[in-house]
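Only one structure is covered here, and it is reproduced in the block below.
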Protein chains: 2
Amino acid sequence: MNKKSMNLKEFSELLGLSQTTVSRALNGYPEVRESTRLKVLDAARAHNYTPNARAKRLATGKAMTIGHVLPVSKKHEMVNPIFADFIAGAGEIYSDNGFDLLLSVVDDVSEEASYRKLVSRGAVDGLIVHGPKVNDSRIALLRELGVPFVVHGRSTEIDTDYCWVDVNNKRAFQRVTEFLLDLGHRRIALLNGLADMDFATRRGAGYVAALESRDVAVDPALMFHEEMTENFGYETARRLLSGDNAPTAFVASSIIPGIGIRRAISDAGLTMGRDVSVVIHDDALSYFSNDGDEPAFTAVRSSVRQAGRHVAQALIDRIATPDAPVHQEMLEAVLTVGRSTGQAPALRQVLDQGK
Amino acid sequence: MNKKSMNLKEFSELLGLSQTTVSRALNGYPEVRESTRLKVLDAARAHNYTPNARAKRLATGKAMTIGHVLPVSKKHEMVNPIFADFIAGAGEIYSDNGFDLLLSVVDDVSEEASYRKLVSRGAVDGLIVHGPKVNDSRIALLRELGVPFVVHGRSTEIDTDYCWVDVNNKRAFQRVTEFLLDLGHRRIALLNGLADMDFATRRGAGYVAALESRDVAVDPALMFHEEMTENFGYETARRLLSGDNAPTAFVASSIIPGIGIRRAISDAGLTMGRDVSVVIHDDALSYFSNDGDEPAFTAVRSSVRQAGRHVAQALIDRIATPDAPVHQEMLEAVLTVGRSTGQAPALRQVLDQGK
DNA sequence: TGCAATTTTCAAAGCGCTTTGGTAAATTAG
DNA sequence: CTAATTTACCAAAGCGCTTTGAAAATTGCA
């Protein structure tokens with residue numbers, strides 16, 4: 001059954017050529033006649049010969065592997081919901097370039113140790129940093145280890161001299177907040193990601209900047225930082241909507257809490273888009289499409305899968321030419337108006353009276 | 001910066017020992033004095049020596065790597081939503097056992113080629129089969145290739161002589177359907193996964209078995225097979241609820257279409273759990289927790305992360321002892337009653353009149 | 001035709017580990 | 001106190017590739 005596969009020695013003897021020539025033929029080196037190369041390639045196909053990856057990696061000194069570390073909080077048992085789509089995008093690029101993707105699932109407290117080990121074992125040629133925190137220590141670590149890496153996102157204060165691909169989070173959240181202000185909303189709740197996440201900081205800054213530019217007071221009681229679950233959206237919105245001085249609009253950092261907010265709104269007997277407005281950041285998760293002529297949610301959208309592709313390509317380029325200038329790329333999110341937003345009730349009242 | 005790491009030769013010279021002894025000390029072989037072993041281990045820590053994984057793999061002939069193939073449909077750009085949680089579970093086990101996880105993202109049409117290549121390159125010691133279809137050809141392929149593998153799920157007709165870990169899908173769906181029947185529902189819609197998926201077949205069979213055991217006619221117009229998105233749930237429920245002879249209950253194959261159904265119900269001005277009942281299969285996705293004293297949805301729950309752990313362990317065991325009897329494990333889903341179900345309106349009316 | 005330049009092929013030396021088949025030292029037995 | 005084990009270590013031979021340096025075959029040009 002398990003027909004032990006042929007090795008280069010056997011295969012080249014079969015062809016009556018040396019191992020050198022066969023190896024060169026397979027790897028596209030010029031020192032081999034075109035007719036010989038074709039003969040080799042045909043024979044490889046016919047006899048189902050594939051060079052052994054383990055031997056190849058040792059001989060070349062390259063792992064042809066990119067590492068992704070997926071930290072899983074033992075307490076929350078939470079895994080980043082955008083992870084699957086991001087990795088689907090990155091994986092496409094790896095496949096196209098002959099790289100493997102090594103995924104290391106680790107308890108979040110031993111994340112740094114995991115990076116260290118991957119590098120010192122020589123298991124990877126490069127690493128992706130997911131979900132950077134404010135002043136993330138992994139950046140210094142990886143620089144010290146001297147391994148190529150690209151950050152998906154940025155880390156405040158130190159956004160120079162390392163590669164990153166990020167969405168313009170501040171601008172995106174400033175825009176959606178202004179959009180709500182233009183509709184007459186004044187009490188706008190922000191359901192943000194965990195406070196130590198870099199993206200959450202930038203989004204918060206965009207939200208605050210928008211309010212301040214219109215002289216609307218920033219109310220800390222309307223700003224929330226939590227893991228972006230559906231329940232977070234639901235519980236927070238339920239509480240706010242049933243209290244005094246309820247917000248008329250919500251800004252959510254992901255469609256997932258957005259769905260929870262929607263549930264709370266309808267539980268309260270209200271209508272989203274009329275009584276309460278909601279905007280979200282839409283990562284274009286594949287199973288929650290928020291598109292079409294009139295999407296369910298007004299959103300700033302930026303495909304996380306596309307980000308995955310860009311990050312992967314940037315890393316592959318960096319591995320090829322480690323001395324090239326660092327790749328820093330800012331993606332802009334697109335603001336799309338859906339059915340979840342409308343004029344603030346107070347404004348509508350005023351306008352109606354004016355008739 | 002990139003202090004090229006030490007190799008065994010240098011490290012053993014530094015210790016004044018042979019490479020053999022150092023290697024044996026590190027790998028826990030008995031032919032080395034305990035005091036020597038400690039010396040070696042200490043020195044390894046002090047000088048930050050880690051054996052090179054590439055060399056180790058070549059020397060041992062083992063990849064110490066498990067392959068997961070993630071097919072991504074180029075048309076739908078869809079990635080299985082349970083994938084992230086499953087892999088988080090499996091990855092825990094791999095980490096604990098010194099295995100790496102190789103994730104191969106491929107266009108769904110070239111999935112088989114991807115398995116072949118991983119095996120013939122010797123990149124993996126074993127493979128996980130995700131999302132088996134009815135009569136899935138990958139099982140025969142992997143058996144032919146002679147590589148250890150475990151299927152997450154099963155494939156109809158051929159559920160003997162290969163390793164699998166599955167949820168008792170038929171029983172779960174039979175139970176929830178009976179549960180709805182007990183509440184007086186007679187028109188029950190089924191929002192199932194794609195028709196060629198094995199799990200969908202089994203769930204459909206459970207649903208049908210329940211109806212037949214109560215002599216309720218099976219209406220094909222109430223059975224749907226699609227990719228399990230939120231929109232699938234929304235559009236299907238919207239259409240059904242606005243038509244004649246609308247169902248009074250829905251069974252959904254995942255919480256995601258369940259959320260869409262909930263949205264359609266509230267859009268229609270109805271109340272879930274009173275006017276329309278909904279039950280779901282709950283994979284316990286980390287960002288959609290459906291737990292607590294009274295979960296939002298009545299559900300049959302089976303943690304996909306737990307399944308990932310079991311599948312991974314089964315594969316590791318199989319790699320260690322390939323001739324052991326095949327591991328076949330059936331997980332049972334737990335039925336938990338939440339707020340999304342209640343008596344069928346018709347039954348309630350009858351009972352109310354009887355008062 | 002002859003000799004240098006070029007193209008094509010080859011033998012052998014790594015890559016950094018593990019593992020086999022020893023040997024010297026330490027221990028036990030007689 | 002010597003012989004027979006056992007223990008603790010070592011030198012060297014792989015693992016299956018790539019790549020270097022050299023040789024053989026082919027080509028170019030006078």
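Side chains are part of it too, since the values below use all heavy atoms of this structure and drop only hydrogens, waters and symmetry mates. Letters A, B, ... mirror the listed sequences (proteins, then strands); counts begin at 1.
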Exercise. Do the rings of F86(B) and H152(B) sit parallel, tilted or perpendicular, given the 30° and 60° boundaries?
Worked result: parallel
For this session: Describe the nucleic acid contact of Y49(A) in one word from base, sugar-phosphate, nothing, applying a heavy-atom distance below 4.0 Å.
Result: sugar-phosphate
Seminar exercise, completed: Quick note, A55(A) side chain, CB onward, closest among dG16(D), dC10(C), dG16(C) is dG16(D)
Seminar exercise, completed: Whole-Å distance, N52(B) CG to dC15(C) C1', equals 9 Å
Exercise. Nearest-Å distance, CG (N7(A)) to P (dC17(D))?
Worked result: 5 Å
Problem set entry | Atom-pair distance (NZ on K56(B); P on dC17(C)), nearest Å | 9 Å
Problem set entry | Members of residues 20-39 of chain A that approach DNA chain D, where some heavy atom sits under 4.0 Å away | T20(A), S23(A), R24(A), N27(A), Y29(A)
Exercise. Yes or no on side chain to side chain contact (heavy atoms under 4.5 Å, CB included) for E31(A) and T20(A), after CA distance, side-chain angles and deciding distance?
Worked result: CA-CA 10 Å; E31(A) 303 93 332; T20(A) 311; over 6 Å; no
Problem set entry | Criterion salt bridge (Lys or Arg N to Asp or Glu O under 4.0 Å) on D136(A) and K133(A), from CA distance to verdict | CA-CA 5 Å; D136(A) 200 299; K133(A) 304 204 158 66; 5.5 Å; no
Problem set entry | Length of the line joining E10(B):CD and dC17(C):P, which is rounded to integer Å | 9 Å
Exercise. Is the backbone N or O of G122(A) less than 3.5 Å from a side-chain atom of R54(B), with the two atoms forming a donor-acceptor pair by type?
Worked result: yes
Exercise. Which word best sums up how the rings of F11(A) and Y49(A) line up, parallel for under 30°, tilted for 30 to 60°, or perpendicular for over 60°?
Worked result: parallel
Exercise. Between dC17(D), dA11(C), dC10(D), which nucleotide gets closest to the side-chain atoms of S18(B)?
Worked result: dC10(D)
Problem set entry | Whole-Å distance separating the CG atom of L17(A) from the C1' atom of dC17(D) | 17 Å
For this session: Give the C-alpha distance, both sets of side-chain angles, the deciding distance and a yes or no for salt bridge (Lys or Arg N to Asp or Glu O under 4.0 Å) between D42(B) and R45(B).
Result: CA-CA 5 Å; D42(B) 283 352; R45(B) 213 166 305 118; 3.5 Å; yes
Problem set entry | For atom CG of L14(B) and atom C1' of dG16(C), their distance in whole Å | 17 Å
Problem set entry | Residue L8(A), side-chain atoms from C-beta onward, closest of dC17(C), dC10(D), dC17(D) | dC17(D)
Problem set entry | Divergence of helical axes at both termini of the helix from dT1(C)-dA30(D) to dG30(C)-dC1(D) - five pairs an end, 10° steps | 40°
Problem set entry | Whole-Å gap separating P (dC17(C)) and NZ (K62(B)) | 17 Å
Problem set entry | Atom-to-atom span, CD of Q19(B) to C1' of dA8(D) - whole angstrom | 17 Å
For this session: Output, in order, the C-alpha distance, side-chain angles, deciding distance and verdict of side-chain hydrogen bond (donor to acceptor under 3.5 Å, both in side chains) for R305(A) and S286(A).
Result: CA-CA 9 Å; R305(A) 178 182 302 215; S286(A) 56; 4.6 Å; no
Exercise. How far does CE of M6(A) sit from NE2 of H47(A), to the nearest 0.5 angstrom?
Worked result: 6.0 Å
For this session: Only one of D100(B), N52(B), D125(B) passes side-chain contact (heavy atoms from CB on, under 4.5 Å) with R57(B); say which it is.
Result: D100(B)
